Amino acid sequence: MTRRRWRITLLAALATLSAVYPITSLFVQTTWLGDAMFTIALVAALGLVARGLTRSRTLVVGVQVLVTSYVVLFRHLGDTFSYLLPTPTTLEEANSLGLQALETVQRYSAPAPLNSGVTFCLVVAIALVAIAVDAMAATWRSPAAAGLPLLTAYLITAANGQSALALRYFVVPVLLWLVMLHTTARAQFGRWSTANAADESEIDEAAHDRAALRSFTAGALKLGALGVVFAVLVPAIVPHFPPRYLTEGLGRASGGGGEGSVGFNDTLDLSRSLNNQDPSPVLTYTTTAFTRAPLRVLATSYYSRGQWSTVGTSGNRPDNPAPPPPPSQRRDYDITVSNNTLAAPRIAAPYPVIAVAMEGTQWVIDPVTRDVRVDSPVSSYRVTYADLAPPPPQLRESGTPDSPDITDDDLAIPDRSRDLIERWAAEVVKDADNPLDRAIAIQNHLRDTSIYTYSLDLGEPLRDTEGRLLEPIQNFYQTRRGYCVQFATAMIMMARAQGIPARMAIGYLPGQPSEGNQYVVRNSDAHAWPELYFQGYGWLRFEPTPGARSGTPPPYAVLGADSGSTRGGRDVESTTSGRGSTASATTSTSSTAAPVQQQQTLIDAIGSAFTLRNVVTFVAVLLGLLAAFVMPITAWLLRLRRRRAAVTQQELIEAEWIDLTSHLGDLGLTAPKGVTLRQLRERYVTDGHLDGDDATTMRRVTATLEKSRYDRPERTTPQEAFRLHHDIRSIRRQIGRTRAWQTRVRSFFWPEAGVSFWRAVPDRLFPRRR
Amino acid sequence: MTTTETGLETTAAPGLADLDLIHGVADRLMGAMTSVIEGKPDVVRTTVTVLFAGGHLLIEDVPGVGKTMLAKALARSIDATVRRIQFTPDLLPSDVTGVSIFNQDARRFEFRPGAIFANVVVGDEINRASPKTQSALLESMEERQVTVDGTTYTLQAPFIVMATQNPIEMEGTYPLPEAQRDRFMARISMGYPAPSAELELLESHGARSPLDDLNPVTDAETINRVVQAVTRVHASPAVRQYIVDLVTRTRSTTALRLGASPRAALHLLRASRAFAALEGRDHVIPDDVQVLAGSVLAHRLMPSSETQLARRTTAEVVIDLLRQVPVPPAAR
């Protein structure tokens, strides 16, 4: 027995550790793990010693709680102790640590940085889980119940993590839990068998017990296997959930490509990419340029129903890329990318690409957008791109755009918002008389932080007077808040309204410097910006997004840059470096909240609602509801079956009566075995507090039933049967009203009809052999 | 269902029981009897039920509570032949059934009918007669005919025997064996009257017997029709099932050494029909069966030794059984 205790304690500790281990994915550092392991070991050791010393279970748990909390407090807040005892200051400090943890959790999404507050709270939580698991599994010897705290620990991660949890995080605690169950069950079964053997002292008995144990184990194995199959199958069957829930991880959408890769899907649902707060770099690169340009992944002109999309491009498309500007108008730079995890067919590179060098796959430059497509993912490549840096005076005189590059899509404005956009653009542009000045006016208007607020949280989507969701641009116009996608869209639409072809570019900000001369681009660097077409210069980048997570406007898009060098040299960099440093400084802190693009169409809104947290909540709520309604549903189905089986009017009346008696039985008015209908009626009238009309109704019901049962069957008229139905319903209501609400709730959720059905299930499935 | 058990010509066409007829006769009969037997409506009701069901009645109680008065009251209320037999140890079977004697003038045997040849036979203190005489009576009760010297004489209908019996064991009595008690449809006991009824009884019975004022309220022919009408009362399968369940349970319970016979089941059904008709219903409900089960079954059952040790009567056992046996079809 002692050995078994020792084993179950160890198993409980291991199960706890494995259940809390996934929390490592929630925080950047894993230094808390040592503390956690120490705490779990402490709890286990305390339990083992205390159980050896006392038989009082409460005492064991009490010792565990007291000693563990002392040790945890001492380790984390030891400097506030005086004479080895906690002081009021300790409590204050603990409180402030808790607040710090709370703030961290609120400000950062996973993975969050670790600080002393978070560590403290984690250790406290883990200690609680460890004590609960140990108490249930070892002290009370019911490891089945220990599954609950284990599940709680597991849910901490599942509910807070942004990325998917790997299968192993689930399987390991479950396996340990099963082993725990098995160990205890064996121990208990062993006790029975020895008792039996002592009583009977027959060899046959012992053999029989072994056989029984084997069949018990086999049954448990079957059930366990069934459970795992269900855990894999159910999420696959339930519609709209990612079908590879367990095997590949939740929240990994189909557009995301393979394991560990990052990409944009066809609907350019940028929010989902921005949502992915994976800290691992998307790519790292070195560049020869002074001013680092954003890395574009793709561009699109096609805007429909509130969202940008790469599909459905219309108009005539040139077969070959337009030739790059002559070398005299540009300066070429190289960018060398390594550790690229972007999913095929996309790669990221600054615009416009002049030359590509990569190995191992085919690549092509899209003739319209000039983004590079590859056949399979490449880890590293080199791209030569041009810094167009056109001088503003020339740009001002570039003239009307007229090029095969431009399609109708580049000037399309959604009809619903056309009036608004044209009015808005006219307001903003005022008297600017050339495309560049207009574009700069629009850009600067949008960058004005006194008018617009950069926010990852868009708030509730607004509705128009008819209750329809507003077109995203209208919504943006009303709320004046948004992030890169909203600002870029607004600028594109206003530019189009002013006759400047414009399109959406999506990619990454230049990222942060890393070791050496390398730069790292992460998912939080995802960005969207507009490109406007200028005759003779092609598509030029603008930067209407204000504040934190934004790029720097290119030199030609800054007013007053006319006089300076047009070569993007030092003076330009001095302008940008200041901005750039603030941008990068704020990026790290603001990259926490998940931007959810709520201005999209309904279908997209639903799609973006399938975040891990929502799905887990939904599944939990669904399962909870299902569990809560199992009994009422069973009772209802049984009732339905009885009604269906009733062929004659007599049987139907009988079925109605059975419903009533079983319902009244649930309400506490039971029907004793040998009572006649009349005696039962009197009981119902008295105990159900029926009086006046209700008593008459009750008498009518029993009279009809009596007639149907004992008189000649043809005597009962259909009218009577029909009235019986209504009378029974009114009696149910009336008697229900006289009961306490607890009774009514219980009678709804725990009807005897359903309960007895489920109680009988084991007997039906496994008929007793003896 | 029509039957020949009652010895009646069953000319009943399929149809409904004549409830008005039954009700009218029952009201008059019970009214008349209640004027004599005061404060005992249940006893009167059961008596009329047994009469209508075509059965015989065993009245068992201590001396002086009105057993004979009840029998006489019923006899007087019907305009029919009534005989009273006072059973004594020296009563001979031929006194009951009749005897063939040789007529010297006619030079042949003539049958002189015994006391049993009447519509209503009141057998007083039946347990004082010798078993031989008792069995003569009981055989004629069951068969409704008497065979003397090879000639069979049919008894008239209606035919009801109301026997009284004293339960207190006394010298020189021959208690009816259980097998013979089975012939009686029901056993009732009078019980002492309520104090108020007893007070009234002292007043009214002071001068003369109230029986003297009792006039017949119906006749034999009407009773025949009533008995026939009662057989047409509907007994649904559920009720029949209930009776069978009850009877079966008396045979399986450990509280009883001897359960109820199939005849008991038959009697219970017939009595229930009559009772339902008295209640103004033309169909039997389980309540009828429950009301009568004690009277109809209790005297046929033999308690097991445990029941005897626990000083429980068979009537109490029947009440227990009624609580245990589910009423069909509620608990199918």
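Worth saying up front: this structure is predicted, and the values here are computed from it rather than measured. The chains referred to below are lettered A, B, ... by the order of the sequence lines, with proteins before strands, and numbering in each begins at 1.
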Next on the checklist: Is it the case that atom CZ in A/Phe749 sees more than 12 heavy atoms from other parts of the structure closer than 6.0 Å?
Outcome noted: yes
Checklist entry - How many angstroms lie between OG in B/Ser236 and NZ in A/Lys707, if you round to the nearest 0.5 Å? => result 14.5 Å
Next on the checklist: Taking side chain as everything from C-beta outward and backbone as N, CA, C, O, which of these in B/Gln324 sits under 4.5 Å from a heavy atom of chain A? Side chain, backbone, both or neither.
Outcome noted: backbone
Checklist outcome for this item: residues 254-285 of chain B vs ring pair (Phe, Tyr, Trp, His ring centres under 6.0 Å), sequence neighbours excluded, gives none
Next on the checklist: So which atom in B/Ala238 and which in A/Arg709 form the shortest heavy-atom distance, rounded to 0.1 Å?
Outcome noted: CB-O, 4.3 Å
Item to check | Residues, nucleotides or ligands: over 12 heavy atoms within 6.0 Å of B/Arg323 CZ | outcome: no
Checklist entry - So which residues of residues 294-311 of chain B are in contact with chain A at a heavy-atom cut-off of under 4.5 Å? => result none
Checklist entry - Above 12 or not: heavy atoms from other molecules or residues under 6.0 Å from CZ of B/Arg251? => result yes
Item to check | Under 4.5 Å from any heavy atom of chain A - which part of B/Ile285 | outcome: both
Item to check | Those residues of residues 676-694 of chain A, ordered by number, that approach chain B below 4.5 Å (heavy atom to heavy atom) | outcome: A/Thr676, A/Arg678, A/Gln679
Checklist entry - If every non-hydrogen atom of B/Val327 is compared with every non-hydrogen atom of A/Tyr710, which pair is closest and at what distance? => result CG1-OH, 3.6 Å
Checklist entry - Who passes side-chain contact (heavy atoms from CB on, under 4.5 Å) against B/Thr248, sequence neighbours left out? => result B/Val244
Checklist entry - Would you call A/Asp711 and B/Arg281 a salt bridge, using N to O less than 4.0 angstrom? => result no
Checklist entry - Is it true that atom CZ of B/Arg263 has more than 12 heavy atoms of other residues, nucleotides or ligands lying nearer than 6.0 Å? => result yes
